[in-house]
Every structure is written in structure tokens, then in C-alpha cells.
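Notes for the one structure printed next.
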Amino acid sequence: MNMSFDLHPAPRVLHVDPDEDSAVVLATLLAPETHVVHAATYEQARTLLEQGEFALLVIDPDLPDGDGHTLIRYMRQTDHHTPVLLYSASQPMLHHQAHAFLPKPWTSPRQLWRTVSHMLGLEAMLPART
């Protein structure tokens with residue numbers, strides 16, 4: 001019997017964005033190197049953060065039930081040291097709370113992949129993607 005064990009499970013990425021199309025694109029782009037969990041609202045994201053650890057938070061701060069910047073402050077207050085990528089169509093007022101910012105929809109899939117893989121430290125482990 002040949003059993004395979006994954007010694008390096010895919011890092012979990014929490015994507016907080018009310019746009020379902022954006023969620024599908026990001027999850028597809030980052031698979032299989034990461035496991036993307038999607039939350040469409042502030043409350044869903046906060047619940048997911050309370051339930052488990054994430055290696056990265058990708059967030060569009062314009063949420064239907066709250067402000068994404070409030071979610072980032074909540075994370076920092078609860079001792080979450082998770083890196084944050086703001087991925088938004090509007091220039092964030094409080095971009096200094098995040099580790100990176102990419103404008104949506106003008107960022108290419110390649111740039112999004114490079115930024116996420118850099119933030120997760122995946123570049124050295126993966127072959128170059130085109």
C-alpha cells in the first residue's frame with residue numbers, strides 16, 4: 001500500500017470580499033498552493049478568525065455590514081499577526097494597517113499571484129508560473 005502524506009499543508013488564506021466573482025477568481029488563481037476560505041461580510045470574517053488561524057488575509061475593506069479596517073484593527077487587538085493584503089477598487093485611507101495594497105480590477109493575475117506568494121513565502125518552494 002502506497003500512502004502519501006502532505007508534510008506541508010497549503011497555507012490558509014482568508015479572502016474577505018462581498019463580490020462572489022472576485023472570490024472565485026482568487027480561489028482559482030491561488031489553488032492548489034493555498035487553501036482560500038471566503039467571507040462575504042465583516043461578521044463572517046470575524047467568526048472565521050475566531051475559529052482558526054490564517055496565513056494571510058486578503059480583504060476588500062468595502063464590506064456590506066462593516067468596515068474592513070475595523071476588522072484589521074480587531075485582528076491586531078486580538079494578537080493576530082496575520083499579514084494583510086488590501087485588494088480594493090478604492091484607495092484605502094488606512095493603507096498603513098496593511099502589509100500591501102493592490103488596486104482592483106487593474107492588478108493582473110500574475111501580479112496578484114506574485115504578491116500573495118511573496119507574502120506567504122512560497123516563491124522558493126514553487127516553480128516559476130507564467
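Rounding to the nearest 0.5 angstrom, the gap separating the CG atom in L26 from the CG atom in L85 is 8.5 Å. The distance from atom CG of D62 to atom CG of L86, rounded to the nearest 0.5 Å, is 10.0 Å.
Residue pairs meeting the salt bridge (charged side-chain N to carboxylate O under 4.0 Å, His left out) criterion with at least one member in residues 12-25, sequence neighbours excluded, are D17-K104. Here salt bridge (charged side-chain N to carboxylate O under 4.0 Å, His left out) pairs that include residues 22-32, with residues two or more places apart or in two chains, number zero. Within the structure, ring pair (Phe, Tyr, Trp, His ring centres under 6.0 Å) pairs that include any residue of residues 43-63 do not occur (at least two apart or interchain). Listed by first and then second residue, the ring pair (Phe, Tyr, Trp, His ring centres under 6.0 Å) pairs that reach into residues 15-44 are H15-H38, sequence neighbours excluded.
In plain terms, the two heavy atoms of A55 and L120 that are nearest each other are CB-CD2, 3.5 Å. The two residues P83 and L56 make their nearest non-hydrogen contact at O-CD1, 3.4 Å. Across all non-hydrogen atoms, the minimal contact from P11 to L122 is CG-CD2, 4.3 Å. Closest approach of L63 to P18, counting heavy atoms only: CD2-CD, 3.8 Å. The shortest heavy-atom contact between S88 and P61 is CB-CD, 3.7 Å.
A search for side chain to side chain contact (heavy atoms under 4.5 Å, CB included) contacts involving P103 returns F101, W106, T107, not counting sequence neighbours. Judged as a side-chain hydrogen bond (donor to acceptor under 3.5 Å, both in side chains), and not counting sequence neighbours, the contacts of H118 are E123. Shown here are the side chain to side chain contact (heavy atoms under 4.5 Å, CB included) partners of E43, two or more places apart in sequence or in another chain: T41, D65.
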Exercise. Tell me, with the steps shown, if L29 and V36 meet side-chain contact (heavy atoms from CB on, under 4.5 Å).
Key: CA-CA 10 Å; L29 178 67; V36 178; over 6 Å; no
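Side-chain contact check for R76 versus V84: some heavy-atom pair is nearer than 4.5 Å. Using a 4.5 Å heavy-atom threshold, the side chains of L49 and L71 count as touching.
In the hydrophobic cluster analysis, where Ile, Leu, Val, Met, Phe, Trp and Tyr join through side-chain heavy atoms closer than 4.5 angstrom, V116 is grouped apart from V25.
In this structure, T34 contributes its side chain and A31 its backbone to no donor-acceptor pair below 3.5 Å.
For the side chain to side chain contact (heavy atoms under 4.5 Å, CB included) with V13, the lone residue among V37, V58, L57 that qualifies is V58.
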